[in-house]
**Q** 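Here's a structure for you.
Atoms within each ligand, like the ligands themselves, are counted from 1 in listed order. Basis for what follows: all heavy atoms, side chains included, without hydrogens, waters or symmetry-related copies.
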Amino acid sequence: MNSFPAWYFDESKMAGIDFEDIAQVEAFDCKQTSSTPEKEQALVKRLGISSGHTAIDLGAGTGTFAIQASLQGASVHAIDISQSMLAYAQQKARKMGVTTINFHRAGFLTYEHNDNLADFVITKAALHILPDFWKMVALLRIASMLKPKGILYLRDVIFSFPISEYESSIENWIEHSSMPEGEGWTVKDYQMHVREEHSTFAWIIEAMLRRAGFEITEANYLTPTTAEYICIKTA
Ligand SMILES: C[S@@+](CC[C@H](N)C(=O)[O-])C[C@H]1O[C@@H](n2cnc3c(N)ncnc32)[C@H](O)[C@@H]1O
C-alpha cells in the first residue's frame, strides 16, 4: 500500500454533492441523463472498446459505463472514492448478470493500477472534483496507467465560453439546465457546483492534457459548459 506525504490532497473529502449519501446515490441514475445504458453503449462502440482491452473508469459512479464496457467483453476496473456508489454499482452489475468488473474504492490520486497497462481510461463528470493543481497530478497518474498510444476519454463540466462573459454564461447554464426538485439537477445543485467544485476553462484543461503527455485528437465543446476530449498517450 502506498503512503502519501502529509501535504497530499485528501480526496475522501469530496467537494460539492456528497456521493456517500445513499439518497444522492439512489437518485443519481434519474438525474444523470448523460449516462444512460444506451449512451454509454454508444460511447463504448465509438471508442472501439472490446474483448481483449483493459479499460479503467475513474469516478465510475453507479457503473453504467463500466457495465456496458464489460458487456462488450473488456476487462474493466471501476474506481470510485465513494463506498456507497461502489456498493450501488456492484449491486446494479450483479442484477444485470455482469460479474467480471473489478471495483476499487480509490480515487484519481490514490488508485494503484496493478493489472496490465490499460488500453483506455475513461473519466466522465468527475475530474472537476479536484482543484487544478491536483487535476494535473491526476492526469499524470492517468498517463502512467495507460499503454503507449493508449486512449484517454475525458468529459466534464469544462468552460469554453469567452472569459469576459462568465457571469451571463453561468447564469444561462443554470437557467437552461436546471430541473424542478425531484426531476433532475436543481438550480441549487448547479449553484453549488460553480461555487464549491472546481470546473475550469477548456484552455487550462487542454494545456494540462498536453503537459501530461497526451495528444488531443478530438475536442468537442458540446455546450459552452461541457466538453469532451479523446486523447492519445504519446510519451
Ligand atoms: C457526477 S459523478 C459521475 C459518475 C459517472 N462517471 C457518470 O458519468 O455519470 C462523480 C463521481 O466521482 C466520484 N468521486 C468523487 N471524488 C473522486 C475522486 N477523488 N476520485 C474518484 N472518484 C471520485 C463520486 O463519488 C461520484 O461517483
**Q** If I apply the N/O under 3.5 Å rule, does Phe28 come out as touching ligand 1?
**A**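 Among all N and O atoms of Phe28, none is under 3.5 Å from an N or O of ligand 1.
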**Q** Taking atom types as modelled, is there a side-chain donor on Glu11 or Trp134 under 3.5 Å from an acceptor on the other?
**A**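 Glu11 vs Trp134: no donor-acceptor pair found between side chains.
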**Q** Keeping the roles fixed (side chain from Thr64, backbone from Pro37), state whether a donor-acceptor pair exists under 3.5 Å.
**A**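 Judged by distance alone, no pair lies under 3.5 Å.
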**Q** Nearest protein heavy atom to atom 10 (C) of ligand 1, by residue and atom, and its distance?
**A**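 Looking at atom 10 (C) of ligand 1, the protein heavy atom closest to it is Ala125 O, 3.4 Å.
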**Q** Sub-3.5 Å donor-acceptor pair from the side chain of Lys233 to the main-chain atoms of Leu146, do we have one?
**A**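 Yes, the answer is positive, given that a donor and an acceptor are paired below the 3.5 Å cut-off.
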**Q** Which of the atoms of ligand 1 are close to Gln32, meaning less than 4.0 Å from one of its heavy atoms?
**A**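 Answer for ligand 1: 7 (C), 9 (O).
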**Q** Out of Ala60, Gly61, Ser35, Gly107, who gets a non-hydrogen atom closest to atom 21 (C) of ligand 1?
**A**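 Shortest heavy-atom distance from atom 21 (C) of ligand 1: Gly107.
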**Q** Quick test of your reading of the model: are Arg105 and Glu20 salt-bridged, counting only N-O distances below 4.0 Å?
**A**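 A salt bridge is present here (some side-chain N lies under 4.0 Å from a carboxylate O).
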**Q** Check if Ile129 has a non-hydrogen atom at a distance under 4.0 Å from any atom of ligand 1.
**A**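 Yes; Ile129 lies near enough to ligand 1 that a heavy-atom distance drops under 4.0 Å.
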**Q** Do NZ/NE/NH1/NH2 and the carboxylate oxygens of Arg141 and Glu112 come within less than 4.0 Å?
**A**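 Yes, this pair counts.
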**Q** Checking contacts here: is it the side chain or the backbone of Lys124 that comes within 4.0 Å of ligand 1, counting heavy atoms only? Could be both or neither.
**A**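 The answer is both, backbone and side chain.
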**Q** Atom OG of Ser169 and atom CD1 of Ile174: how far apart are they, to the nearest 0.5 Å?
**A**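 Taking OG in Ser169 and CD1 in Ile174, the distance rounds to 11.0 Å.
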**Q** Among all the protein's non-hydrogen atoms, which is closest to atom 17 (C) of ligand 1, and how far away is it?
**A**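 Residue, atom and distance for the closest contact: Ile81 CG2, 3.5 Å.
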**Q** Looking only at distance, does Asp80 have an N or O less than 3.5 Å from an N or O of ligand 1?
**A**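 Yes - when backbone and side-chain N and O of Asp80 are compared with those of ligand 1, one distance drops under 3.5 Å.
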**Q** Tell me which one of Ala15, Ala106, Gly59 gets a heavy atom nearest to atom 5 (C) of ligand 1.
**A**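 Nearest heavy atom to atom 5 (C) of ligand 1 lies in Gly59.
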**Q** As an exercise, identify every atom of ligand 1 less than 4.0 angstrom from a heavy atom of Ser82.
**A**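 Heavy-atom distances to Ser82 below 4.0 Å select 25 (O).
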**Q** Below the 3.5 angstrom mark, is there an N/O of Phe108, backbone or side chain, next to an N/O of ligand 1?
**A**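 For ligand 1, there is an N or O atom that lies under 3.5 Å from one belonging to Phe108.
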**Q** Considering only NZ, NE, NH1 and NH2 on the basic side and carboxylate oxygens on the acidic side, decide whether Lys124 and Glu40 come within less than 4.0 Å.
**A**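 Result for this pair is yes, salt bridge flagged.
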**Q** Nearest protein heavy-atom contact for atom 19 (N) of ligand 1: which residue, which atom, what distance?
**A**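 Of every protein heavy atom, Glu11 OE1, 2.8 Å lies nearest to atom 19 (N) of ligand 1.
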**Q** Please check this pair: side chain of Thr123 against backbone of Leu58, looking for a donor-acceptor N/O pair closer than 3.5 Å.
**A**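 The answer is yes, because a donor-acceptor pair under 3.5 Å joins these two groups.
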**Q** Based purely on interatomic distance, does Glu40 place a nitrogen or oxygen under 3.5 Å from a nitrogen or oxygen of ligand 1?
**A**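 N/O-N/O distance under 3.5 Å: no.
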**Q** With a cut-off of 4.0 Å, which atoms of ligand 1 are near a heavy atom of Ala126?
**A**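 Close to Ala126: 12 (O).
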**Q** For the residue pair Asn220 / Glu218, report whether a side-chain donor-acceptor contact shorter than 3.5 Å exists.
**A**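 The answer is yes; a qualifying pair exists.
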